[in-house]
Amino acid sequence: MKGSPAKGKMKEESSWQTGWYDVYPTLERPRRPIEWSNSSMIFTGYGMQPTILARHFSSSKQFMMPLPPPLLSEPENYGPASVISVSPDDSWLFAYFPGQSNAGVCCLWNRGTELDSWRVMDWWTYPAGAGVVVADWIGGPREWTCDPISGSPTRIPSRGPRAPVSNPTLLFVTENHQVICCFVRHYSTAMKMFSCSLLERCRSTESVTKLDQEPTSDINSIHTCLSAAICLNYSDSSILVAMRSQNHPLPVPNHQHDPLELGIPAEADDAGAEALEGVLEDFEEDSIIELCEVQLRFDGVAMSLSTCPLPAIQTAEKKLKDLHFIPHPPTDRTRQSSPTVHLVASFFDFHDYVSLPASEVHCYTFTRQPQDDAVPWIYKQDATRSFEDQQLAFLVPCKHVSGARRITAGLYLKSSAQSPSINIKAKEFVIGTLRVLKLPDLTDDQEWEEALILKSHNRVGQDIPVSAVASPNQSLLCTMSASMWSTQTTLQGLPQLKNQTTPLSLRLVPAILSERAPTDVIHQLSHHSISSNVIANTLNYSFTLLSAHQPKSPRSWLKQVSTSLEVYKMRASKAHDEQEKEDATARWEVAHDICSLVSCNVIFKECRDGEDYNLEAVWELVSLCTWTVACTERILKECVLSLELASSEKASGRVNRPSLLHLVHPQALQTLIEAITNTKRVRQYLGSLTAKAENSQIARDVLIDQVDCSGINLSELLPILGEVYEAVKSTTEEECRRSLAACQPTEDTRKQAHPHLLKILNPKVVDKARLFIKAEDFVDGMSRMTIDSQKQRDRDVVTKALLLMRQSGFRCLRCGGQAAEIGKPDPSKPKIVVLIERYWVRRCICGGFWSRASQTRP
């Protein structure tokens with residue numbers, strides 16, 4: 001699209017006219033792939049270089065994946081990645097880099113503890129004409145969905161065949177029409193592969209080591225697969241493969257092109273002319289879509305592949321844009337019937353390349369036949385749809401909250417002779433729409449709203465996306481432009497369901513149950529235009545659905561805490577108003593303190609040695625106790641201020657401070673009591689030590705100073721907190737969920753706890769002078785070294801030990817907490833500490849993913 005930029009200040013008018021040359025890059029091959037993983041990592045290529053970029057949404061920090069030796073030593077011999085595929089568990093990544101005039105390189109990465117820590121597990125090459133076209137993973141977990149009316153979460157059946165003895169298990173289709181199974185057996189590090197032809201009946205087992213990698217050819221041309229799609233159907237072990245191919249002429253030796261230039265006799269040229277007779281000059285794609293059924297089986301000893309070609313689909317001689325299989329999960333009504341699969345394909349016809357191409361979308365329905373039938377699948381063409389007023393840019397499968405599948409079409413305006421709707425403040429133009437199409441008739445689904453495609457005023461009409469991918473929870477769309485020299489991605493909101501009062505809740509619940517990163521949903525929920533009450537109500541409904549599904553799970557409330565933490569932390573980062581930012585910060589910090597107290601209690605328990613404690617971790621125990629005391633002081637400060645202010649207003653409980661959630665929520669209060677009890681027990685144990693153990697003696701003195709010199713009498717405080725717990729433990733589950741959703745006490749919980757909390761004002765319990773005024777406040781410069789002033793930035797989020805600046809550790813992508821090298825052998829760490837840290841090797845104490853602290857920040 002070529003725009004007419006306004007001169008000077010931005011004007012109310014802007015126009016552009018789309019040409020065929022603006023649309024053609026969307027069809028060029030190899031395509032520019034883009035992947036959005038379940039841990040919210042976005043993987044893309046990088047310009048024309050054989051490099052893969054990755055970043056965590058919604059961070060702007062990027063990192064490059066490590067490359068295998070051929071790409072490092074001779075990058076100019078390889079093109080950008082044409083296939084990128086990430087496994088459902090985010091532990092593996094596969095990519096294919098085509099060669100310029102040599103063999104292409106396949107690479108398989110394995111992820112470490114952090115999301116941005118990857119290593120090349122293996123790499124291999126495929127000759128020209130046998131490169132990878134599409135890849136998919138076998139053995140993914142079952143999906144969670146929500147009933148659109150009741151909201152009840154359920155699991156739908158698994159997709160595709162099982163892989164009980166291998167991980168990972170990767171299936172891909174190559175240019176020479178081969179299906180290859182690549183896998184690693186359990187308890188093995190050696191990668192194995194075996195293949196079958198997709199053009200004829202074939203059977204192979206994993207004992208076969210030689211792969212048919214040579215491209216099939218006739219005397220005049222090479223038949224190459226250009227595009228393919230793999231279908232893993234629900235409750236079905238068979239795999240469907242669809243392919244679109246093209247005939248390429250055989251390469252002609254260079255000396256036959258210009259004999260005069262190279263001094264070759266004319267007779268040689270005549271011989272070359274004879275050889276060129278009959279060579280296909282028309283490189284148009286085949287007018288068919290080839291189909292094949294693939295079976296992957298395991299007989300208890302070995303895995304095997306078998307293929308059964310199916311009748312091809314006859315299509316017009318047009319260029320294929322998108323090809324997607326869309327399986328439908330079984331419902332109560334269709335559970336006993338044969339599975340239904342749709343194949344959606346879009347085609348472009350450029351005519352004579354002087355006008356915009358005509359675009360069409362075709363939908364085919366596949367139905368499984370009885371097992372004794374010679375043809376296992378039959379298909380029929382259900383609908384064809386064209387778009388006269390807009391230009392089709394891409395098709396992306398989308399998922400209903402119930403699990404039903406749809407297709408999202410990205411439609412761009414062909415031209416704008418007059419000004420579109422312009423938002424001067426946002427400086428964005430409406431240049432297209434996103435529509436959800438029903439299957440199989442391809443009509444607009446009226447249950448879904450239409451989403452607008454916006455572009456910044458200084459880039460309006462410049463780029464039509466060449467690739468698009470939906471976020472894991474179907475909330476956002478990420479598109480990639482056709483720029484050759486850089487990677488330009490754009491985020492776009494996906495269409496949402498109409499008449500849904502809580503659409504984000506129905507997206508959030510499956511993400512939590514599946515342990516996927518809910519970042520894309522929270523990105524929308526935490527927008528500054530949404531009020532705090534709406535956020536709390538949405539979270540409350542989500543927690544209600546989770547509690548109904550897991551009523552007896554003792555740790556389900558921690559998932560609620562961690563979800564609220566991420567929502568309010570992201571809201572604080574987006575807030576424009578300082579008061580709103582301060583309120584959101586206070587809420588997520590309370591949720592983080594709850595997670596920290598839970599982790600402290602776990603470590604306290606692991607360090608117990610009967611009635612004593614393992615003194616190898618004595619300094620870790622001191623750090624935990626010091627942090628617990630500091631946390632308790634922060635809570636009691638807020639409690640004292642709240643009670644005194646409420647008393648002065650003669651209206652008990654009107655003052656609402658998020659920190660009071662520790663004292664009124666039953667599980668949170670029980671966690672706080674347990675942490676204080678553990679701190680008191682450690683203090684008593686270290687206080688009874690003799691001076692024989694010098695290290696323990698120093699630790700004892702440090703801990704005594706921290707505990708005994710605080711403004712809290714732990715012995716007097718614990719009975720009062722016990723009374724408060726007896727008063728609030730009968731709080732209804734609804735009130736508990738509401739308080740966790742808002743990350744602050746509700747009116748009812750405050751009223752229940754208020755009479756008992758008044759006892760905290762007793763001077764025997766709290767020394768206000770020591771609580772509010774510290775000795776270091778009287779020494780110039782010392783106040784900056786306290787825990788409160790630094791807000792625990794220099795402490796390990798797991799062990800609460802001081803974190804030295806030179807330590808290269810982890811950073812949590814959810815809470816931002818830092819940690820040292822967790823779970824890795826370190827001579828300076830006691831064995832008990834390394835063992836304890838393994839609780840949080842994969843996730844932070846708040847449930848967030850780790851990243852390397854030196855590269856990615858939240």
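Bear in mind the structure is a predicted one, so any value in this text is a computation, not a measurement.
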Of the non-hydrogen atoms in [X] and [Y], which two are nearest, and what is the gap between them?
X: Phe604; Y: Tyr613; value: O-CE2, 4.0 Å
X: Ser91; Y: Asn110; value: O-ND2, 2.9 Å
X: Gln560; Y: Ser547; value: NE2-OG, 3.3 Å
X: Ile603; Y: Thr799; value: CD1-CA, 4.4 Å
X: Leu813; Y: Ser851; value: CD2-OG, 3.8 Å
X: Pro88; Y: Asn38; value: O-ND2, 2.8 Å

field: Cys631/Ser596 under side chain to side chain contact (heavy atoms under 4.5 Å, CB included): CA gap, chis, key distance, verdict
entry: CA-CA 10 Å; Cys631 179; Ser596 295; over 6 Å; no

Residues pairing under salt bridge (Lys or Arg N to Asp or Glu O under 4.0 Å) where one sits in residues 662-688, two or more places apart or in two chains, turn out to be Arg683-Asp708

Cationic tip of Arg55 above Phe63 ring, under 6.0 Å, 45° of axis = no

4.5 Å side-chain heavy-atom contact, [X] and [Y]:
X: Lys574; Y: Ser526; value: yes
X: Leu686; Y: Leu615; value: yes
X: Arg842; Y: Phe849; value: no
X: Leu93; Y: Met65; value: yes
X: Ser564; Y: Trp588; value: no
X: Leu717; Y: Leu636; value: yes
X: Leu721; Y: Leu663; value: yes
X: Lys800; Y: Thr628; value: no

Taking [X] for the side chain and [Y] for the main chain, is one N or O donor matched with an acceptor at less than 3.5 Å?
X: Asn614; Y: Asp609; answer: no
X: Asn540; Y: Ala741; answer: no
X: Arg516; Y: Asn473; answer: no
X: Gln818; Y: Gly809; answer: no
X: Arg119; Y: Met121; answer: no
X: Thr749; Y: Pro745; answer: no

Spacing of [atom1] belonging to [X] relative to [atom2] belonging to [Y], to within rounding of 0.5 Å:
X: Cys846; Y: Leu565; atom1: SG; atom2: CG; result: 5.5 Å
X: Leu115; Y: Arg852; atom1: CG; atom2: CZ; result: 10.5 Å
X: Leu802; Y: Trp619; atom1: CG; atom2: CH2; result: 10.5 Å
X: Ser505; Y: Leu545; atom1: OG; atom2: CG; result: 7.0 Å
X: Cys812; Y: Ile845; atom1: SG; atom2: CD1; result: 8.0 Å
X: Asp748; Y: Lys751; atom1: CG; atom2: NZ; result: 6.5 Å

When the side chains of residues 758-765 are checked against the rest of the protein, which donor-acceptor pairs come out under 3.5 Å, sequence neighbours left out?
from, atom 1, to, atom 2, distance (Å)
Lys759, NZ, Glu723, OE1, 2.5
Asn762, OD1, Lys764, N, 2.9

- Message: Please check if the number of heavy atoms outside Lys581 that lie under 6.0 Å from its NZ is greater than 12.
- Response: no

Side-chain donor-acceptor pair under 3.5 Å between [X] and [Y], yes or no?
X: Tyr568; Y: Glu589; answer: no
X: Thr626; Y: Ser623; answer: no
X: Glu735; Y: Thr746; answer: yes

*Do Trp850 and Phe810 have their ring centres less than 6.0 Å from each other?*
yes

task: Decide if the gap between the ring center of Phe57 and the ring center of His523 is smaller than 6.0 angstrom.
output: yes

_Pair Leu771, Asp767 - check side chain to side chain contact (heavy atoms under 4.5 Å, CB included), show working._
CA-CA 6 Å; Leu771 184 64; Asp767 187 339; 6.0 Å; no

request  = Given side chain to side chain contact (heavy atoms under 4.5 Å, CB included), test Gln744 with Leu660 step by step and report yes or no.
outcome  = CA-CA 7 Å; Gln744 64 183 14; Leu660 297 183; over 6 Å; no

Sorted by chain and residue number, the ring pair (Phe, Tyr, Trp, His ring centres under 6.0 Å) partners of His576 (sequence neighbours excluded) come out as His528

The ring pair (Phe, Tyr, Trp, His ring centres under 6.0 Å) partners of His756 (sequence neighbours excluded) come to none

Give the intermediate values and the outcome of salt bridge (Lys or Arg N to Asp or Glu O under 4.0 Å) for residues Arg571 and Glu580. CA-CA 9 Å; Arg571 182 172 178 82; Glu580 181 182 346; 2.7 Å; yes

Charged N to carboxylate O below 4.0 Å: is that the case for [X] and [Y]?
X: Arg737; Y: Glu734; answer: yes
X: Arg634; Y: Glu638; answer: no
X: Asp583; Y: Arg587; answer: yes
X: Arg811; Y: Glu114; answer: no

Ser87 and Asp89: CA distance, side-chain angles, deciding distance, side chain to side chain donor-acceptor pair (under 3.5 Å) verdict = CA-CA 5 Å; Ser87 64; Asp89 62 357; 2.6 Å; yes

_Verdict with supporting geometry, Cys639 and Ser659, side chain to side chain contact (heavy atoms under 4.5 Å, CB included)_ = CA-CA 8 Å; Cys639 181; Ser659 293; over 6 Å; no

Taken in chain and number order and not counting sequence neighbours, the residues that satisfy side-chain hydrogen bond (donor to acceptor under 3.5 Å, both in side chains) with Arg507 are none

Applying salt bridge (charged side-chain N to carboxylate O under 4.0 Å, His left out) to Glu566 and not counting sequence neighbours gives Arg814

